[in-house]
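Heads up, the thing below is written out as structure tokens.
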Amino acid sequence: MHGQPRPYWNPLVAGLLLGLVLLATFLVTGHGLGASGVSARLTAALGSWILPEATAANAYLGGYVKAGAPLAGWITWEVLGVVLGGLIGSLTSRRFRLKVEGGRTATPARRLAYAFAGGVLVGFGARLARGCTSGLGLSGSATLAVAGFVFLIAFFAAGFLTMRLIRGAWT
Amino acid sequence: MSLPLYDSGFWPALALGVLFGLALEGAGFGSARKLTAQFTLRDFSVFKVMFTAVIIAATGLWLAEVLGLVAPRSVFIPTLYALAIGLGGALIGAGFAIGGYCPGTSAVGLASGRWDALVFIVGMVAGAAIFAWGFDAISPLYWAAPGPKGQTLDQLLGLPPLVILLALVALAVGGFWLGSHLERRFGGPIGSSEVTCGSEGAHPPEPGTRRGSLRPT
């Protein structure tokens, strides 16, 4: 019913396009690409809806609330574009699938529990690091920032170590 | 016209995001199985795409400075906070291996119809909320061990940027060669039909399993 999906691009071609987009972003905005900033803004927006006083008084989120609409900002428009671009790509290549994707032996419930737990670690870690794989790993390293390379080393080391422990979830 | 334009408007942001999303989706980064196969050594796409992009953008920025198109240090350069960035980076690496995505790729996973990406995003918001809730206690760690403002590798090592760029290219070439070798050995890289076929829990056998142990030695 879906048709045969198109193959993925050669990683060097994808990397070339990504590099040119990143370069263009620097030249247009003065900074690189990002992603995790939206999770902070989303948290501030949800927080000021559910617990307005506590969120406004919070040392970390208060600034987002004070500035007005916490979601309004460059990073939000950019990530909206990422979703749109991803949708265009997955639909035109017939790679779009409504499904839970995980290892062969993992039940969907277990996979979703892992996805949530991993998301919590990443959401916390990105606030602590002041960025994520996009903002620090990709954009930071493109400016040759020491911070970007420290991030990448920690990211890959922890990823390989963790995978040794939970390999069964993915095979 | 002077560069950077420092344009933070809606339409350029959306357009750059669309291209970012297209590149990530085209690379296969809407698939948690393909992404996490980086850490089982079966698929080096994450390393290859990231390193290629970093080298292209870094070379372009360097050229733009050399040619006088942009003033030196006129783009944002993050400052190192060694503990926070080291620990935060490790948490993101661990969370990526467990959850299957990083923040940017979870947006592409969502756009590829993956429910697990949506749940991952809900988890990220929860993680950011926990961070905000505990920020008073975390704050000393957050600000600990600051490096020089916006320090770059060439400044740290006292080398010309071109030497750093060439070293990165050498590292990339070595990494690509080793990665492609390991991909062949472990039955990778993962193709689009492997991650899209069937419903959850009904994947075809992994090619690598026929060649003996999948465990890296």
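Atoms considered below: every heavy atom in the structure, side chains included; atoms not considered: hydrogens, waters and symmetry mates. Chain identifiers are assigned alphabetically (A, B, ...) following the order of the sequence lines, protein sequences preceding nucleic acid strands; residue numbering begins at 1 within each chain.
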Less than 4.5 Å apart, side chain to side chain, heavy atoms only: is that true for Cys102(B) and Cys132(A)?
no
Does any heavy atom of chain B fall under 4.5 Å from the side chain of Ser36(A), the backbone, both, or neither of them?
both
Can you tell me which of Ile130(B), Val46(B), Val108(B) forms the most heavy-atom pairs within a distance under 4.5 Å of chain A?
Ile130(B)
Heavy-atom distance under 4.5 Å to chain A: side chain of Phe135(B), backbone, both or neither?
side chain
Can you name the residues of residues 53-62 of chain B that have some heavy atom under 4.5 Å away from a heavy atom in chain A?
Ala53(B), Val54(B), Ile56(B), Ala57(B), Ala58(B), Gly60(B), Leu61(B)
What part of Ile164(B) gets within 4.5 angstrom of chain A, counting heavy atoms only: side chain, backbone, both, or neither?
side chain
So, taking the atom named CZ in Phe20(B) and the one named CG in Leu138(A), what distance separates them when rounded to the nearest 0.5 Å?
6.0 Å
Cut-off 4.5 Å, heavy atoms of chain B, and the answer for Leu18(A) is both
In this structure, NZ of Lys99(A) is separated from CG of Asp116(B) (nearest 0.5 Å) by 9.0 Å
At what distance, to the nearest 0.5 angstrom, does CD1 of Ile98(B) lie from OH of Tyr114(A)?
7.5 Å
Does a side-chain heavy-atom distance below 4.5 Å link Leu136(A) with Pro78(B)?
yes
Side chain, backbone, both or neither: which part of Asp136(B) has an atom under 4.5 Å from a heavy atom of chain A?
side chain
Do the non-hydrogen side-chain atoms of Pro4(B) and Leu27(A) ever get within less than 4.5 Å of each other?
no
Output the option from Ala35(A), Ser134(A), Gly32(A), Gly86(A) having the highest count of non-hydrogen pairs under 4.5 Å with chain B.
Gly86(A)
Nearest 0.5 Å, what's the CH2-OG1 distance between Trp133(B) and Thr55(A)?
14.0 Å
Comparing Ala158(A), Ser90(A), Ala14(A) against chain B, the one with the most heavy-atom pairs below 4.5 Å turns out to be Ser90(A)
Can Leu121(A) and Ile92(B) be said to form a side chain to side chain contact (heavy atoms under 4.5 Å, CB included), step by step?
CA-CA 6 Å; Leu121(A) 291 179; Ile92(B) 295 176; over 6 Å; no
For the candidates Leu22(A), Leu20(A), Val13(A), Thr25(A), which exhibits the highest count of non-hydrogen atom pairs separated by less than 4.5 Å from chain B?
Thr25(A)
Determine whether Thr29(A) and Asp7(B) satisfy the following criterion, side chain to side chain contact (heavy atoms under 4.5 Å, CB included), listing intermediate values before the conclusion.
CA-CA 5 Å; Thr29(A) 67; Asp7(B) 183 336; 5.7 Å; no
Check: Gly99(B) main-chain N/O paired with Arg111(A) side-chain donor or acceptor under 3.5 Å:
yes
What part of Thr79(B) lies closer than 4.5 angstrom to a heavy atom of chain A: side chain, backbone, both or neither?
backbone
How far apart are the C-alpha atoms of Tyr60(A) and Phe131(B), what are their side-chain angles, what is the distance that settles it, and do they pass the ring pair (Phe, Tyr, Trp, His ring centres under 6.0 Å) test?
CA-CA 8 Å; Tyr60(A) 190 75; Phe131(B) 179 85; 4.9 Å; yes
Looking only at heavy atoms, the pair that brings Gly191(B) and Tyr8(A) closest together is C-CE1, 3.7 Å
Is Gln155(B) in contact with chain A via its backbone, its side chain, both, or neither, using a 4.5 Å heavy-atom distance?
neither
Under 4.5 Å to a heavy atom of chain B? For Leu165(A) that would be neither
Tell me, do Leu128(A) and Leu141(B) make a side-chain contact under 4.5 Å, heavy atoms counted?
yes
Given a strict heavy-atom distance threshold of 4.5 Å, which part of Leu118(B) is in contact with chain A: side chain, backbone, both, or neither?
neither
Of the listed Leu84(A), Leu17(A), Val83(A), the one with the largest count of heavy-atom pairs under 4.5 Å with chain B is Val83(A)
Can you measure from CZ (Phe149(A)) to OG1 (Thr152(B)) and round to the nearest 0.5 angstrom?
10.0 Å
Answer whether the closest heavy-atom distance between the side chains of Ile138(B) and Phe124(A) falls below 4.5 Å.
yes
Cation-pi, Trp143(B) ring and Arg130(A) (6.0 angstrom, 45 degrees)
yes
Just by distance, do the side chain of Trp9(A) and the backbone of Leu24(B) share a donor-acceptor pair under 3.5 Å?
no
Taking side chain as everything from C-beta outward and backbone as N, CA, C, O, which of these in Trp11(B) sits under 4.5 Å from a heavy atom of chain A? Side chain, backbone, both or neither.
neither
Which answer fits Ala157(A), side chain, backbone, both or neither, if we ask what part of it has an atom under 4.5 Å from a heavy atom of chain B?
neither
Passes side chain to side chain contact (heavy atoms under 4.5 Å, CB included), Arg167(A) versus Thr40(B)? Steps please.
CA-CA 8 Å; Arg167(A) 204 189 158 82; Thr40(B) 61; 3.6 Å; yes
Check each atom of Phe151(A) against the heavy atoms of chain B and say whether the ones under 4.5 Å are side chain, backbone, both or neither.
both
Nearest heavy-atom neighbours spanning Val28(A) and Pro12(B)
CG1-CB, 4.2 Å
Counting only non-hydrogen atoms closer than 4.5 Å, does Leu153(B) touch chain A with its backbone (N, CA, C, O), its side chain (CB onward), both, or neither?
both
So, the part of Tyr101(B) with a heavy atom under 4.5 Å from chain A: the answer is both
Between Phe156(A) and Phe39(B), is there a side-chain heavy-atom distance shorter than 4.5 Å?
yes
Is it true that Glu101(A) and Arg33(B) have a side-chain N and a carboxylate O under 4.0 angstrom from each other?
no
Top contributor to chain B contacts, counting heavy-atom pairs under 4.5 Å, from His31(A), Arg6(A), Glu78(A)
Glu78(A)
Just so I know, are the side chains of Thr196(B) and Phe96(A) near enough to count as touching, which here means a heavy-atom distance under 4.5 Å?
no
Would you mind telling me which of Gly88(B), Ala27(B), Ser192(B) has the largest number of heavy-atom pairs within less than 4.5 Å of chain A?
Ser192(B)
Under 4.5 Å from a heavy atom of chain B, the part of Leu46(A) involved:
side chain
For Leu16(B), is it the side chain, the backbone, both or neither that has a heavy atom under 4.5 Å from a heavy atom of chain A?
both
Let's test your reading of the structure: which of Ser39(A), Gly125(A), Gly73(A) forms the most heavy-atom pairs below 4.5 Å with chain B?
Gly125(A)
Ser93(A) side, atom OG; Glu25(B) side, atom CD - distance, nearest 0.5 Å
4.5 Å
Under a 4.5 Å heavy-atom cut-off, does chain A meet the side chain of Ser139(B), its backbone, both or neither?
neither
Okay, Ala169(A) and chain B: the region with an atom under 4.5 Å from a heavy atom over there is neither
Toward chain A, the part of Val125(B) with a non-hydrogen atom under 4.5 Å
both
Residues Arg95(A), Ser112(B); criterion side chain to side chain contact (heavy atoms under 4.5 Å, CB included); working and verdict
CA-CA 7 Å; Arg95(A) 292 190 286 255; Ser112(B) 302; over 6 Å; no
Taking the side chain as everything from C-beta on, heavy atoms only, tell me whether Val122(A) gets closer than 4.5 Å to Phe120(B).
yes
Best-contacting candidate, Phe76(B), Phe176(B), Tyr6(B), against chain A by heavy atom pairs under 4.5 angstrom:
Tyr6(B)
